[in-house]
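Below is one structure, written out as structure tokens; the observations come after it.
Bear in mind the structure is a predicted one, so any value in this text is a computation, not a measurement. Counting convention: from 1, in listed order, for ligands and their atoms alike. Count residues from 1 along the sequence.
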Amino acid sequence: MKSPSQTHAIDFDSAKLQRLGFGQLPALIERPTSLAQLRQQMSLQLQTSLEPQRILGLFFREIQRLVPLDALSYVHQASDLRLEFGARGHHSVSYTLSHEGEHMGELVFRRNQRFNDKEQGDLESLLSCLLYPMRNALLYRAATQSALRDPLTGAGNRVAMEQTLQREIDMSRRHAQPLSILMLDIDHFKRVNDDHGHGAGDEVLRAIAASIKAQLRNVDMVFRYGGEEFLILLSNTGREAAAMVGERLRQATQSEEYFADGQLIEITVSLGCSTLLPGESADSLLRRADSALYVAKREGRNRLAMAG
Ligand SMILES: Nc1nc2c(ncn2[C@@H]2O[C@H](COP(=O)(O)OP(=O)(O)OP(=O)(O)O)[C@@H](O)[C@H]2O)c(=O)[nH]1
């Protein structure tokens, strides 16, 4: 029996795609639009945004005029991008996208019915419309990320944190939804530097950031707040749910293996959590999380403390 999942590599520069890309497949009369028409319309539409989410949302919507789909997912690890549209389906066709040797992500089309050869040909042809819009969006994202990211850990920097926190507070008020924050600090981090050197300390910082991100759905909400301190914004999350996330992060960072000079070292973290109060400012929310973190440190570290 044939597996319902099929995987392909798409090199935007390959001769095959260029050939497919210029409407060589005959348009079917009963279809709502021809391949050539759709390619032309989509090329214009997709150029109108630099937001990967919007570009792929439009692509997902428009492509269904020719090939019915249940879902589309896109992953680009280097940009921390994971996007999903629609529901899931049993059958899938995957494409690895690249341009001039540069990896541009993985795209998966899903639905409950098998894809026939003609449909796969159409999908491959339509994928070429994504090349320049997605390349520009990824370059733009990389440029904005470098201004707003901490280069060591890839987490958001303080500028990004301040912007995002204020936006999340405004959203939380507008939609009457809870908002919580976690302040996470590595325990006795000075010892790592003192005993194993600054390089080993840097490695631990990277590993902790990766471990936090791996636990969270929205990796754009992790910020390096201070030297060995991270701030995690939990939108639409109340006190109890935030406590669960905090505890999960504490356990996850503790169960990672950290090496310094080839030697296994034990690392734990302490966390302080606060939940936005009516009318509260960003400064006050941060201060309460910081005070809770101080309590967690004072009470023995490797624990989570909740702000009152
Ligand atoms: N390797 C490395 N170390 C850093 C960086 N930023 C800050 N640090 C170090 O982080 C350490 C923080 O130490 P302290 O604030 O005394 O806290 P701690 O040793 O973690 O102890 P507790 O927080 O009380 O558990 C200092 O030694 C800083 O030099 C960095 O980017 N890389």
Side-chain angles (χ1 to χ4, degrees), residues 78-80 142 144-165 180-216 219-234 242-275 282-308:
S79 312
D80 261 349
T144 49
Q145 276 188 343
S146 68
L148 294 171
R149 291 217 171 237
D150 163 46
L152 180 69
T153 62
N157 63 20
R158 207 152 170 143
V159 177
M161 190 279 285
E162 276 159 15
Q163 288 175 2
T164 314
L165 179 57
S180 298
I181 65 172
L182 290 166
M183 214 173 266
L184 178 152
D185 186 286
I186 306 171
D187 295 328
H188 298 303
F189 186 61
K190 190 169 178 305
R191 285 187 202 159
V192 179
N193 280 331
D194 291 349
D195 297 350
H196 304 282
H198 209 77
D202 283 357
E203 273 314 307
V204 168
L205 279 167
R206 275 199 204 98
I208 293 275
S211 170
I212 298 171
K213 286 193 208 168
Q215 293 297 314
L216 298 172
V219 291
D220 286 339
M221 296 294 208
V222 181
F223 304 91
R224 187 163 174 210
Y225 187 65
E228 22 74 90
E229 217 166 286
F230 293 90
L231 189 95
I232 298 117
L233 294 191
L234 302 168
M244 279 168 60
V245 177
E247 185 51 24
R248 201 174 76 212
L249 289 178
R250 188 194 65 75
Q251 286 176 16
T253 45
Q254 189 177 21
S255 58
E256 287 280 320
E257 290 193 334
Y258 305 91
F259 290 91
D261 316 321
Q263 193 187 325
L264 192 63
I265 55 170
E266 199 184 312
I267 298 286
T268 61
V269 300
S270 298
L271 300 107
C273 178
S274 61
T275 300
D283 277 354
S284 164
L285 181 68
L286 288 167
R287 233 182 353 259
R288 289 194 304 115
D290 199 36
S291 304
L293 174 61
Y294 177 76
V295 171
K297 291 276 182 185
R298 200 186 54 205
E299 291 186 346
R301 297 179 173 79
N302 190 19
R303 69 195 61 215
L304 164 76
M306 305 296 289

(request) Please check if the side chain of Arg206 supplies one atom and the backbone of Thr153 the other of a donor-acceptor pair under 3.5 Å. (result) no

(message) Give me each pair satisfying side chain to side chain donor-acceptor pair (under 3.5 Å) with a member in residues 256-267, each pair once, sequence neighbours excluded.
(response) His196-Asp261

(message) Taking salt bridge (Lys or Arg N to Asp or Glu O under 4.0 Å) as the definition, give me every residue that meets it alongside Glu299, ordered by chain and number, with sequence neighbours left out.
(response) none

(message) I'd like the contact residues of ligand 1, where contact means a heavy atom below 4.0 Å.
(response) Asp185, Ile186, Asp187, His188, Phe189, Lys190, Asn193, His198, Gly201, Asp202, Leu205, Arg224, Gly227, Glu228, Lys297, Arg301

(message) Taking Asp187 first and then Lys297, would you say they form a salt bridge - that is, a charged N and a carboxylate O separated by under 4.0 Å?
(response) yes

(message) Other residues, nucleotides and ligands only: do more than 12 of their heavy atoms fall within 6.0 Å of OH on Tyr294?
(response) no

(request) Could you tell me which residues satisfy side chain to side chain donor-acceptor pair (under 3.5 Å) with Ser284, sequence neighbours excluded, listed by chain and number? (result) Glu280

